[in-house]
Number of protein chains: 2
Amino acid sequence: MDKRQAILDAAFEVFARCGYGQACVKEVAEVAGVAKPTVYNHLHDKETLFRHAVTAAAEGIAERTISALDALRDPAGDLRETLGQVTRELAASCCDERAQALRRLTYGETAQFPDVLESVHARTALDLREVLADRLARLVVAGRLRPCEPGEAAGHLLALITGPLDARSRMGTRAVPPAEVERVAESAADVWWRAYGAPAGPAARWGS
Amino acid sequence: MDKRQAILDAAFEVFARCGYGQACVKEVAEVAGVAKPTVYNHLHDKETLFRHAVTAAAEGIAERTISALDALRDPAGDLRETLGQVTRELAASCCDERAQALRRLTYGETAQFPDVLESVHARTALDLREVLADRLARLVVAGRLRPCEPGEAAGHLLALITGPLDARSRMGTRAVPPAEVERVAESAADVWWRAYGAPAGPAARWGS
DNA sequence: ACTAAATTGAACCCATGAGTTCAAGTTGGT
DNA sequence: ACCAACTTGAACTCATGGGTTCAATTTAGT
């Protein structure tokens with residue numbers, strides 16, 4: 001029963017539902033099951049309330065999303081199969097309600113909170129991209145992927161997943177049926193694999 | 001000197017700069033060079049002001065973006081070359097300040113204006129995708145692209161362009177140097193072409 | 001049990017900004 | 001020139017909501 005955490009959770013929920021401008025602190029307090037002065041006791045401002053709530057939520061979301069990449073660490077069997085699995089997991093976490101709300105909030109409140117956009121983006125996008133790039137680099141070195149710039153390849157895979165999904169879900173406004181999420185993920189993996197997968201045949205032998 | 005248009009332009013500028021919640025009608029009036037009651041005379045509400053300003057801006061932006069696809073209508077020379085050119089143009093219009101502001105606004109104000117998000121998305125994303133899909137379908141039929149689902153292929157190309165650019169520009173917060181925009185566009189075209197381009201050789205001969 | 005800190009609810013203050021009113025002035029068509 | 005419609009600025013109303021105050025109460029550590 002950490003009140004502070006309850007407040008931060010409630011704040012994220014309310015901000016996500018109403019946007020920063022329309023959200024009112026009283027409602028945050030009610031959702032948190034706490035009195036209004038208690039909110040101000042922990043977080044001095046509405047602004048700091050927003051900042052802390054959003055960055056805390058971003059931390060959790062980033063952690064879970066990045067953990068989807070674990071399967072690419074030392075992939076034993078068919079690489080294409082592992083890629084498909086990872087892609088499906090990334091697609092699923094991209095459709096997560098909190099993740100979508102987080103994107104809406106940070107994008108929308110850019111005018112007032114450019115720094116929040118910056119730090120959230122660093123944690124949820126750049127870090128994700130870097131970790132994925134690390135995995136891809138190992139696979140390139142091992143000759144299991146075509147030679148490429150790993151960061152670029154990582155960006156492309158993520159774009160192929162999130163782009164079509166954001167388009168279909170209208171930034172989280174519409175629910176995308178799980179079957180379609182899978183289809184989108186599969187076709188993203190397909191396209192990426194055609195561009196970056198090692199051609200069939202024994203081993204690495206693509207010269208200069 | 002159409003006052004109404006001046007008001008709509010000013011409104012988009014102010015909303016883009018401050019967000020809906022923080023924007024005030026007085027400032028819109030000042031930017032438009034008009035008195036406050038005149039604003040209310042043309043657009044009854046702050047809400048309708050927002051709706052009209054945003055959808056009007058979306059119309060203009062969508063039109064210009066879609067016109068970038070004209071080069072794919074009956075492409076004479078090297079298709080890969082034309083693809084590169086179109087991709088560069090799409091990348092440029094994706095980095096346009098107004099376009100980015102439009103995305104920030106619609107995404108951010110989703111909570112209050114889900115219908116605006118819907119209509120803007122329909123015009124700027126779905127229409128673009130459909131027109132591009134039309135072009136691609138013709139090219140597939142002509143044997144100049146690998147057989148594929150045109151809508152899906154269109155979505156992939158757009159994702160490969162906008163995804164990396166949004167990541168680099170932080171939703172329009174950071175200026176991306178034109179040289180890097182070109183690089184991103186070029187690599188997007190590369191990847192897409194590897195997945196969807198017709199393999200070298202005389203003509204279409206990929207069986208079932 | 002005792003004390004210090006945290007919590008509560010309720011009332012309160014106050015800045016902000018949406019939207020209105022109105023009398024005076026401007027525009028534009030005939 | 002004339003009239004109707006539109007525009008203007010300034011003052012005004014009013015609802016909303018951020019933030020504070022405070023006395024009463026609960027909680028938690030010892």
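Values below: every heavy atom of this structure, side chains too, minus hydrogens, waters and symmetry copies.
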Interatomic distance, [X] [atom1] vs [N] [atom2] [rounded to whole Å]:
| X | N | atom1 | atom2 | answer |
| --- | --- | --- | --- | --- |
| B:L49 | C:dG17 | CG | P | 15 Å |
| B:E47 | C:dG17 | CD | C1' | 15 Å |
| A:K3 | D:dT27 | NZ | C1' | 9 Å |
| B:H44 | C:dG19 | NE2 | P | 12 Å |
| B:R4 | C:dT27 | CZ | P | 22 Å |

What ring-ring contact (aromatic ring centres under 6.0 Å, His included) pairs are there with at least one residue in residues 60-118 of chain B, not counting sequence neighbours?
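Listed once each, the pairs are B:Y20-B:F113, B:F50-B:F113.
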Can you sort out the partners of [X] under side-chain hydrogen bond (donor to acceptor under 3.5 Å, both in side chains), two or more places apart, ordered by chain and number?
| X | result |
| --- | --- |
| B:R103 | B:D166 |
| B:E81 | none |
| A:Y196 | A:H156 |

Return a table of donor-acceptor pairs under 3.5 angstrom between the side chains of residues 22-29 of chain A and protein atoms on other chains or two or more places apart.
unit_1: A:Q22; atom_1: NE2; unit_2: B:Q112; atom_2: OE1; d: 3.4
unit_1: A:E27; atom_1: OE2; unit_2: A:R17; atom_2: NH1; d: 2.7

Tell me every residue that passes salt bridge (Lys or Arg N to Asp or Glu O under 4.0 Å) with A:E180, counting only those two or more places apart in sequence or in another chain.
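Once residues adjacent in sequence are excluded, the partners of A:E180 under the salt bridge (Lys or Arg N to Asp or Glu O under 4.0 Å) criterion are A:R168.
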Yes or no on salt bridge (charged side-chain N to carboxylate O under 4.0 Å, His left out) for B:D115 and B:R51, after CA distance, side-chain angles and deciding distance?
CA-CA 9 Å; B:D115 54 319; B:R51 265 180 241 275; 2.4 Å; yes
Are OP1 or OP2 of C:dT16 and a side-chain N or O of B:K46 less than 4.0 angstrom apart?
no
For DNA chain C, find the residues of residues 25-43 of chain B with a heavy-atom distance under 4.0 Å and give them by number; none if there aren't any.
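Those residues are B:V25, B:K36, B:P37, B:Y40.
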For residues 126-135 of chain A, which residue pairs pass the side chain to side chain donor-acceptor pair (under 3.5 Å) check, not counting sequence neighbours?
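Every pair satisfying side chain to side chain donor-acceptor pair (under 3.5 Å) with a residue in residues 126-135 of chain A: A:R123-A:D127.
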Using the C1' atoms of the five pairs at each end, what is the angle between the end axes of the helix from C:dA1-D:dT30 to C:dT30-D:dA1, to 10°?
40°
